[in-house]
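Written below as structure tokens is the structure these notes are about.
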Protein chains: 2
Amino acid sequence: MKDERFCNSNCPFTRAIGTIGNKWKPMIINVMGTRTMRFGQLDAIVPHISRKVLTEQLKELEEDGLLERLAYKELPPRVEYRLSEKGLAFLPILEHIKAWNIKYEVATMPRQSDYKYAEQD
Amino acid sequence: MKDERFCNSNCPFTRAIGTIGNKWKPMIINVMGTRTMRFGQLDAIVPHISRKVLTEQLKELEEDGLLERLAYKELPPRVEYRLSEKGLAFLPILEHIKAWNIKYEVATMPRQSDYKYAEQD
DNA sequence: TATTCTGGTTACCAATGGGTAACTACAAAT
DNA sequence: ATTTGTAGTTACCCATTGGTAACCAGAATA
């Protein structure tokens with residue numbers, strides 16, 4: 001859930017953090033990139049996320065205009081998600097974060113045996 | 001607390017999100033900017049934060065090399081915080097986020113009567 | 001007939017996040 | 001002698017987050 005105190009702030013930066021300031025949304029946006037993806041794909045690719053949380057976060061991202069949801073009236077259902085113009089405009093920021101981390105990170109690298117989930121990159 | 005699953009990822013982006021992917025750290029970094037600030041100042045200026053949470057987040061930011069802590073051996077104690085090179089390098093990213101929000105935000109503005117706390121900006 | 005497939009929703013429970021208030025040390029000021 | 005001021009720490013407790021598993025529709029497949 002979004003923090004209403006932040007979203008109701010008079011500061012645009014505070015409002016931005018209220019909107020995308022958690023760990024799940026940047027992960028989802030980064031995974032989607034310019035692709036159109038279905039719910040099941042996102043569930044499989046976004047690391048460590050559960051269906052419940054994915055559903056919540058996708059709903060909020062749609063409400064905030066970061067992504068578009070296309071539901072096909074088929075059975076079994078098919079739903080496709082893709083970033084809106086606003087969402088796409090956020091991608092370069094995520095690239096900066098990645099570059100920043102690569103440049104400055106000093107922490108020890110994880111052992112190969114430490115990770116169990118497939119991730120992009 | 002940081003999410004160890006994220007911080008132990010083999011993906012640099014995921015690790016970055018594990019490090020700064022919450023709402024408090026971007027807020028603290030943004031408030032500090034290039035200034036040197038004392039604990040009490042941060043407590044007063046960072047919106048909605050409590051001393052307990054501020055303590056935790058400052059400790060993690062220091063551990064992750066984003067800021068430096070200077071404790072003077074005086075009474076009453078004086079502690080000063082300022083961003084490290086790594087922390088300063090994160091500021092442009094926050095500026096991008098602010099600009100992104102100003103450009104794309106469509107949500108309704110808060111009524112003046114809605115906010116009670118002084119904030120910078 | 002039973003299973004599979006998809007994109008959810010729901011109930012239940014455990015873990016985490018976060019707020020408040022009290023407490024600390026000790027010097028300086030009142 | 002008491003209050004003030006700083007930068008926390010701690011205990012206690014409530015609220016939020018998040019995980020798991022079960023369940024749904026309804027057509028296609030075996």
Side-chain angles (χ1 to χ4, degrees), chain A residues 1-8 14 17-28 31-32 35-63 67-82 116-117, chain B residues 1-8 14 17-28 31-32 35-63 67-82 116-117:
Chain A
M1 266 298 148
K2 293 186 293 178
D3 188 322
E4 293 304 325
R5 297 173 306 177
F6 280 54
C7 292
N8 290 333
T14 301
I17 294 302
T19 303
I20 46 81
N22 70 13
K23 63 189 173 201
W24 299 116
K25 286 173 186 166
M27 292 295 296
I28 292 170
V31 158
M32 292 190 64
R35 294 184 284 182
T36 293
M37 295 187 77
R38 300 179 59 174
F39 182 85
Q41 286 181 284
L42 289 166
D43 186 33
I45 294 179
V46 176
H48 313 296
I49 206 166
S50 70
R51 299 159 75 76
K52 178 186 169 189
V53 172
L54 181 56
T55 301
E56 287 169 4
Q57 301 295 314
L58 288 173
K59 195 174 293 177
E60 290 186 5
L61 285 170
E62 192 196 355
E63 284 171 7
L67 58 79
E68 287 152 14
R69 181 179 185 275
L70 296 168
Y72 297 86
K73 295 199 181 313
E74 302 172 352
L75 274 167
R78 179 161 61 103
V79 181
E80 293 183 343
Y81 296 92
R82 62 184 157 110
K116 322 192 198 39
Y117 302 93
Chain B
M1 264 298 147
K2 293 186 293 178
D3 187 322
E4 293 303 324
R5 297 172 306 177
F6 280 55
C7 292
N8 290 333
T14 301
I17 295 302
T19 302
I20 46 82
N22 70 13
K23 63 189 173 200
W24 298 117
K25 286 174 186 166
M27 291 295 296
I28 293 170
V31 159
M32 291 190 64
R35 294 184 283 181
T36 291
M37 295 187 75
R38 300 180 60 177
F39 182 85
Q41 286 180 283
L42 289 167
D43 187 32
I45 294 178
V46 177
H48 313 296
I49 205 165
S50 70
R51 300 161 75 76
K52 178 186 167 189
V53 172
L54 180 57
T55 303
E56 287 170 4
Q57 301 295 315
L58 288 173
K59 196 174 294 179
E60 289 185 6
L61 285 170
E62 192 197 355
E63 283 171 6
L67 59 77
E68 288 153 13
R69 182 179 185 275
L70 296 168
Y72 297 85
K73 296 199 180 313
E74 302 172 353
L75 274 167
R78 178 160 61 105
V79 180
E80 292 183 343
Y81 295 92
R82 61 185 157 112
K116 323 193 201 29
Y117 302 94

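Proteins come first, then strands; the chains are lettered A, B, ... in the order of their sequence lines, and each starts at number 1.
- Across the protein-nucleic acid pair, B:Glu80 atom CD and D:dG8 atom P stand 12 Å apart, rounded to whole Å.
- A:Lys2 comes within contact range of no nucleotide atom at all, as no heavy-atom separation falls under 4.0 Å.
- B:Tyr81 and B:Glu62 share no donor-acceptor pair across their side chains, judged by distance under 3.5 Å alone.
- Between B:Asp43 atom CG and D:dA7 atom P the separation is 10 Å, expressed in whole Å.
- Two residues are said to be in side-chain contact when any heavy atoms from C-beta on lie closer than 4.5 Å; B:Asn22 and A:Lys23 fail this criterion.
- What separates CZ of B:Arg78 from C1' of D:dA7 is a distance of 13 Å, to the nearest Å.
- Regarding B:Lys52, its NZ atom lies at a distance of 9 Å from the C1' atom of D:dA11, rounded to whole Å.
- Here C:dG18 presents its C1' atom at 14 Å from CD1 of B:Ile28, a figure rounded to the nearest Å.
- OP1 and OP2 of D:dG26 both lie 4.0 Å or more from every side-chain N or O belonging to A:Lys73.
- Listed pair A:Arg51 / C:dG7 fails the phosphate criterion, with no side-chain N or O lying under 4.0 Å from OP1 or OP2.
- The nearest whole Å value for the distance from the CG atom in B:Asp3 to the P atom in D:dT17 is 15 Å.
- Close to D:dT17, at under 4.0 Å from its OP1 or OP2, lies no side-chain N or O of A:Trp24.
- Within 4.0 Å (heavy atoms only), A:Tyr72 reaches no atom of the nucleic acid at all.
- With D:dG18, D:dG19, C:dG8 as the candidates, the nucleotide lying closest to the side chain of A:Ser50 is D:dG19.
- Position along DNA chain D of the nearest nucleotide to A:Pro77 versus B:Gln41 favours B:Gln41 as the more 5'-ward residue.
- Within the 4.5 Å cutoff, the side chain of A:Glu60 has heavy atoms near those of the A:Lys25 side chain.
- Of the side-chain N and O atoms in B:Arg69, one or more sit less than 4.0 angstrom from OP1 or OP2 of D:dG8.
- Residue-to-nucleotide proximity on DNA chain C shows that, of B:Val53 and B:Pro76, the 5′-proximal contact is made by B:Val53.
- At whole-Å resolution of the value, CE in B:Met37 and C1' in D:dA7 are 15 Å apart.
- With distances taken from any side-chain atom of A:Phe39 to the nucleotides C:dG8, D:dA7, D:dT9, the minimum falls on C:dG8.
- Following rounding to the nearest Å, B:Arg38 (CZ) and D:dT6 (P) show an atom-to-atom distance of 7 Å.
- Ring geometry, A:Phe6 versus B:His48: the interplanar angle falls from 30° to 60°, so the pair is classed tilted.
- Of all non-hydrogen atoms in A:Ile17 and B:Pro26, the two that sit nearest each other are CD1-CB, 3.6 Å.
- Comparing A:Leu75 and A:Glu56, the nucleotide of DNA chain D nearest to each residue sits closer to the 5' end for A:Glu56.
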